[in-house]
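What follows is a set of notes on a single structure, which appears directly below.
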Amino acid sequence: MPQTDFFDMVFQVVRLIPKGRVTSYGAIAAYLGAKSSSRVVGYAMNASHRVKPKVPAHRVVNRNGQLTGKHHFDTPYRMQELLEKEKIKVENDTVVEFKAKYWDPETELRL
DNA sequence: GTAATGACCTTGG
DNA sequence: ACCAAGGCCATTA
């Protein structure tokens with residue numbers, strides 16, 4: 001499978017996201033050193049379904065905190081359900097208190 | 001092989 | 001303050 005290292009790194013970071021926390025594509029891209037390639041991160045999520053260890057893509061949202069990719073899940077409700085399971089409130093396809101639950105790899109992982 | 005798209009973000013007018 | 005366009009990497013047609 002032509003999954004490049006970029007994808008793998010994205011999956012790694014996404015899998016490292018603590019429970020009850022969310023992050024944004026740009027944050028992961030920035031952590032990888034490619035803040036401009038935030039699109040690739042989103043594409044990686046799309047491929048996350050094919051990866052062996054499924055990646056918690058539901059914890060990844062855009063900079064606005066909106067569940068833009070919920071439509072790409074098995075069902076549009078799946079993402080919200082998973083988020084609610086993590087004690088993350090979601091309203092109007094948007095994470096409530098997003099900034100409060102925001103998890104920045106550069107700040108948390110980098111230390 | 002070229003062209004277009006995509007779960008985005010940043011910058012310019 | 002708002003609207004528009006560009007850029008990045010990989011995949012698919």
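What you see is a predicted model, and the numbers here were worked out from it, not measured in a lab. For the numbers below, each heavy atom of this structure counts, side chains included, while hydrogens, waters and symmetry mates do not. In what follows, chains are A, B, ... by sequence order, proteins preceding strands, each numbered from 1.
Out of dC8(C), dT12(C), dA7(B), the shortest distance to the side chain of R50(A) is found at dT12(C). Closest to the side chain of R39(A), out of dC9(B), dC8(C), dA7(B), is dC8(C). Taking the side chain of S36(A) as heavy atoms from C-beta on, and the options dC9(B), dA7(B), dC8(C), the nearest nucleotide is dC8(C). Candidate nucleotides dA7(B), dC9(C), dT12(C) were compared by shortest atom distance to the side chain of V40(A), and dC9(C) ranks first.
The CZ-P distance, from F7(A) to dC8(B), rounds to 14 Å in whole Å. With rounding to whole Å, H49(A) atom NE2 is found 16 Å from dT11(C) atom C1'. The distance between atom OH of Y25(A) and atom C1' of dT10(B), rounded to the nearest whole Å, is 17 Å. Atom pair M9(A):CE and dA10(C):P shows a separation of 11 Å (rounding to whole Å applied). In this structure, H71(A) atom NE2 and dG6(B) atom P are separated by 14 Å, rounded to whole Å. Taking atom OH on Y31(A) and atom P on dC9(B), their separation rounds to 19 Å, with Å as the unit. One interatomic measurement links the two molecules: CZ of F6(A) to C1' of dA10(C), which rounds to 10 Å at whole-angstrom precision. As a whole-Å value, the separation of F98(A) CZ from dC8(B) P is 13 Å.
Side chain of S48(A) to backbone of V55(A): no donor-acceptor contact under 3.5 angstrom is found. Under a 3.5 Å cut-off, the side chain of N92(A) and the backbone N or O of T94(A) do not form any donor-acceptor pair. R59(A) contributes a side-chain N or O that, together with a main-chain N or O of I17(A), makes up a donor-acceptor pair within less than 3.5 Å.
Side chain Y43(A) to base dA10(C): no donor-acceptor pair is found below 3.5 Å. No donor-acceptor contact under 3.5 Å links the side chain of S37(A) to the base of dC9(C).
The residues K89(A) and E97(A) are annotated as not salt-bridged, no charged nitrogen and carboxylate oxygen being separated by less than 4.0 angstrom.
If you check every strand for non-hydrogen atoms under 4.0 Å, A30(A) touches nothing. The residue N62(A) sits close only to the backbone: its heavy atoms come under 4.0 Å of sugar-phosphate atoms, none of a base.
Between the C1' atoms of dG6(C) and dA4(B), the separation comes to 16 Å (whole Å). On the C1' atoms, dC3(C) is 23 Å away from dA7(B), given to the nearest whole Å.
Of all heavy-atom pairs spanning F6(A) and V40(A), the tightest one is CD2-CG1, 4.0 Å.
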